[in-house]
Amino acid sequence: MIEITDLHKAYGELEVLKGIDVCIKAGEVVSVIGPSGSGKSTFLRCINQLEEATSGRIVVNGQDLCARTTNINLVRAEIGMVFQSFNLFPHLSVLENVTLGPRKVRRMPVKTANEVARRVLEKVGLSGKINAFPSQLSGGQQQRVAIARSLALSPKAILFDEPTSALDPELVGEVLAVMRDLANEGMTMVVVTHEMSFAREVADRVIFMDGGHIVEDGPPKDVFRAPKSPRLKEFLRHVV
Ligand code: ADP
Ligand code: MG
């Protein structure tokens, strides 16, 4: 579903991604771990074109993102993104936050968009908060709205960038539970996370990034129990 070949990304002189090769299959759940500054967020941002790659090839669902004929906005709608900081619109209600994308991007009529929103909000356990504003919700609830907002566009895949890092510890579980449900339903997911339990228990594959490279890529049991590189061993000593 997502095929990345020799992806490079530089910000001016600073080369952040130094040749990333990876394929992600439909239905796969991939966790990306690695130290701060290793390029994890940049990698996700290149996949849904929030950043333009310096070189390399990214093919999503058979569409080459670098080709001039590709409609980037449509590709973006097919790949949801959930950020650490939720990024909800503060002046819009929960319902309006969730219906905005379907109405603007998919040109869905209000009535249909509202139906879709009710369905996805129920899925994340927030049916009762449809008319609330983000400031009236806990961080965990806001992040679940953000996930519902992604789901409302019926994405082929969802990218998560440290979705629980901004949450108080007692609210992490409710967000991980929603993500676990999505994984079980077969959603294709790429999850940058510090939650090693999620990576270990939910991910089909774990990618360890360091210094702009993918250093290890394998099933969680191999990556966690038998790390090959000294850098991953060192990293795991600090986070596990
Ligand atoms: P991670 O998510 O693994 O912490 P990032 O992808 O956010 O890493 O950042 C990798 C490197 O790129 C860091 O050195 C960071 O300072 C730099 N960087 C990230 N975004 C930008 C940007 N928009 N402009 C310049 N440098 C950036
Ligand atoms: Mg990051």
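Quick note: numbers below take in every heavy atom, side chains included, and nothing from hydrogens, waters or symmetry partners. Position 1 is the first residue of the sequence, and the numbers go up from there. Start at 1 and go down the list; that is how both ligands and their atoms are numbered.
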Do me a favour and list the nearest non-hydrogen protein atom to [atom] with residue, atom name and distance?
atom	answer
atom 7 (O) of ligand 1	S41 CB, 3.6 Å
atom 18 (N) of ligand 1	Y11 CE1, 3.4 Å
atom 14 (O) of ligand 1	L14 CD2, 3.9 Å
atom 8 (O) of ligand 1	G39 N, 3.2 Å

Look at S36 and state whether any of its N, O or S atoms is less than 2.8 Å from the Mg ion (ligand 2).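 Under 2.8 Å: S36 has no N, O or S contact with the Mg ion (ligand 2).
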Among I33, V32, D161, T42, which residue places a heavy atom closest to atom 6 (O) of ligand 1?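 Among I33, V32, D161, T42, the closest heavy atom to atom 6 (O) of ligand 1 belongs to T42.
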Short N or O distance, K40 and ligand 1, threshold 3.5 Å exclusive: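 Yes, there is a polar N/O contact under 3.5 Å.
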Could you say whether the N/O atoms of G37 and ligand 1 ever approach to under 3.5 Å?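 Between G37 and ligand 1, an N or O pair is found under 3.5 Å apart.
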Begin from the C-alpha positions of M108 and V116 and carry the test side-chain contact (heavy atoms from CB on, under 4.5 Å) through to its verdict. CA-CA 10 Å; M108 222 181 253; V116 169; 3.9 Å; yes
Taking C-beta and beyond as the side chain, do K156 and T188 meet within less than 4.5 Å on heavy atoms?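 Counting from C-beta outward, K156 and T188 never come under 4.5 Å.
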Side chains of I20 and F43 in contact at under 4.5 Å (non-hydrogen atoms):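 I20 vs F43: side chains touch.
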Give a yes/no verdict on whether any heavy atom in P35 is under 4.0 Å from an atom of ligand 1.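 P35: in contact with ligand 1 (<4.0 Å).
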For atom CD of E234, decide whether the heavy atoms of other residues, nucleotides or ligands shown that lie under 6.0 angstrom number more than 12.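 Buried by this count: over 12 neighbours within 6.0 Å.
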Could you tell me whether E185 and K123 have a side-chain N and a carboxylate O separated by less than 4.0 Å?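 Answer for the salt bridge query: yes.
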Could you walk me through whether R119 and L151 pass side-chain contact (heavy atoms from CB on, under 4.5 Å), step by step? CA-CA 10 Å; R119 180 166 50 74; L151 289 173; over 6 Å; no
Apply the test side-chain contact (heavy atoms from CB on, under 4.5 Å) to residues E96 and F89: give CA-CA distance (whole Å), side-chain angles for both, the deciding distance (0.1 Å), then the verdict. CA-CA 9 Å; E96 290 162 342; F89 293 106; over 6 Å; no
Under-4.0 Å protein heavy-atom contact, atom 10 (C) of ligand 1: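 Yes; the ligand atom in question has protein heavy-atom contact below 4.0 Å.
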Is there at least one protein heavy-atom neighbour under 4.0 Å from atom 16 (O) of ligand 1?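 When distances to the protein are checked, atom 16 (O) of ligand 1 has no heavy atom within 4.0 Å.
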I need the minimum non-hydrogen distance between V120 and A148, along with the two atoms involved.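 Taking V120 first and A148 second, the nearest heavy atoms are CG2-O, 3.5 Å.
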Can you tell me which portion of V16 lies within the under-4.0 Å heavy-atom range of ligand 1? Options are side chain, backbone, both, or neither.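 Looking at V16 and ligand 1, just side chain atoms fall under 4.0 Å.
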